[in-house]
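What follows is a short report on a single structure.
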Amino acid sequence: MAAAVLELKSVERHYVQGPRKLTILNGAEFTLHRGEMVALVAPSGTGKSTLLHTAGLLERPDGGDVILSGKACGRLSDDERTAIRRNDIGFVYQFHHLLPEFSALENIMMPQLIRGLSKPEAAKRAAQLLDYMQIGKRAQHRPSELSGGEQQRVAIARAVANAPLVLLADEPTGNLDPVTASYVFDALEALVRQSGLAALIATHNHELAGRMDRRVTLNEGKVVPL
Ligand SMILES: Nc1ncnc2c1ncn2[C@@H]1O[C@H](COP(=O)(O)OP(=O)(O)OP(=O)(O)O)[C@@H](O)[C@H]1O
């Protein structure tokens with residue numbers, strides 16, 4: 001079995017909504033191994049985004065911990081989690097969240113520049129990723145000049161620009177028609193397989209979920225096989 005890159009250990013997550021306390025994650029346990037693609041398929045409102053945000057160190061668990069490559073990270077300070085997130089975690093959302101005033105190439109360069117790479121190094125890797133995603137010709141276009149599928153390809157390239165350990169995606173094709181969704185997923189899958197990344201991908205699309213290595217769902221705050 002490949003090494004564990006992401007582990008959730010007894011993760012608790014609660015929200016207070018007015019007088020009510022909602023328990024969203026209730027002792028959630030989950031392990032993602034190197035090279036693995038796992039689909040997270042669960043009804044709306046059951047906590048998929050909460051799980052991804054906690055796993056991705058955007059939110060702090062109220063109990064338990066998140067372990068990245070053997071290091072306990074979930075309970076670290078905001079600054080420490082941000083630093084780890086920058087290097088080790090890539091995120092893709094349903095809507096691309098690209099910076100509108102920058103080109104596709106510049107959007108992919110951005111996380112690398114924040115990390116401290118030089119402009120030529122960042123541009124070289126960004127161009128390679130755009131080629132890999134088969135949109136090399138769109139490098140100089142701004143997000144508003146790209147189709148929905150192209151925007152998501154750029155968002156995926158940006159998420160992996162710093163060669164993270166883990167790719168987390170929240171409905172990455174949820175805003176696309178089925179044919180475009182399938183093509184974008186092809187590109188995402190090829191990238192994950194080729195790089196040996198580990199990916200946890202929330203999706204309502206059962207066809208795409210069927211192409212991943214395994215499927216999990218959420219049941220009463222716990223991660224269970226589907
Ligand atoms: N910051 C918050 N404060 C209070 N409640 C929240 C907060 N974030 C999420 N919730 C609640 O937690 C529950 C789970 O939300 P979450 O977004 O994780 O679900 P989801 O499965 O991703 O849903 P969807 O598929 O619709 O995106 C929902 O009932 C939501 O209202």
Side-chain angles (χ1 to χ4, degrees), residues 6-32 36-68 73-82 84-85 89-98 148-149 151-152 155-156 158-159 164 166-178 180-182 184-185 188 192 198-226:
L6 168 70
E7 296 166 90
L8 303 190
K9 299 270 193 201
S10 305
V11 168
E12 302 279 332
R13 196 74 183 94
H14 314 283
Y15 295 119
V16 177
Q17 282 190 352
R20 293 196 308 148
K21 182 177 155 193
L22 286 180
T23 294
I24 307 300
L25 300 178
N26 188 16
E29 300 270 338
F30 175 69
T31 303
L32 185 67
E36 199 178 32
M37 282 184 95
V38 177
L40 173 60
V41 185
S44 190
T46 49
K48 296 183 300 293
S49 300
T50 301
L51 180 83
L52 290 171
H53 292 167
T54 309
L57 309 181
L58 282 164
E59 294 182 18
R60 227 162 165 240
D62 299 305
D65 214 336
V66 178
I67 319 287
L68 270 174
C73 297
R75 314 301 291 272
L76 298 173
S77 69
D78 286 354
D79 285 351
E80 287 169 312
R81 295 201 323 281
T82 300
I84 294 168
R85 201 167 58 235
I89 294 172
F91 264 104
V92 184
Y93 297 93
Q94 179 171 0
F95 298 99
H96 56 78
H97 296 305
L98 296 170
Q151 289 167 349
Q152 280 306 77
I156 292 164
R158 180 182 57 178
V166 178
L167 181 69
L168 300 171
D170 199 350
E171 296 278 354
T173 62
N175 192 36
L176 306 174
D177 66 76
T180 307
S182 185
V184 169
F185 188 80
L188 170 65
V192 171
L200 177 61
I201 301 174
T203 182
H204 288 295
N205 183 323
H206 286 270
E207 191 224 316
L208 299 186
R211 289 169 54 180
M212 297 192 221
D213 300 317
R214 59 190 169 100
R215 286 143 290 285
V216 295
T217 190
L218 280 164
N219 185 18
E220 298 188 348
K222 292 192 168 55
V223 182
V224 294
L226 186 65

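Ligands are counted one by one from 1 in listed order, and the atoms in each one are counted from 1 as well. Note that this is a predicted model, so its numbers are computed, not measured.
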Of all heavy-atom pairs between L98 and Q151, which one has the smallest distance, and what is that distance?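 Nearest pair, atom of L98 first, then Q151: CD1-O, 3.6 Å.
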
Starting at [atom1] of [X], measure out to [atom2] of [Y] and round the result to the nearest 0.5 Å.
X	Y	atom1	atom2	answer
R81	L68	CZ	CG	11.5 Å
I24	H53	CD1	NE2	13.0 Å
K48	T203	NZ	OG1	9.5 Å
L76	I84	CG	CD1	5.0 Å

Would you give me the side-chain donor-acceptor pairs under 3.5 Å for residues 25-32, sequence neighbours excluded?
| residue | atom | partner | partner atom | Å |
| --- | --- | --- | --- | --- |
| E29 | OE2 | S10 | N | 3.0 |
| E29 | OE2 | S10 | OG | 3.0 |

Quick one, list the residues around ligand 1 where some non-hydrogen atom comes in under 4.0 Å, by chain and residue number.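 The 4.0 Å shell around ligand 1 contains Y15, Q17, I24, P43, S44, G45, T46, G47, K48, S49, T50, H204.
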
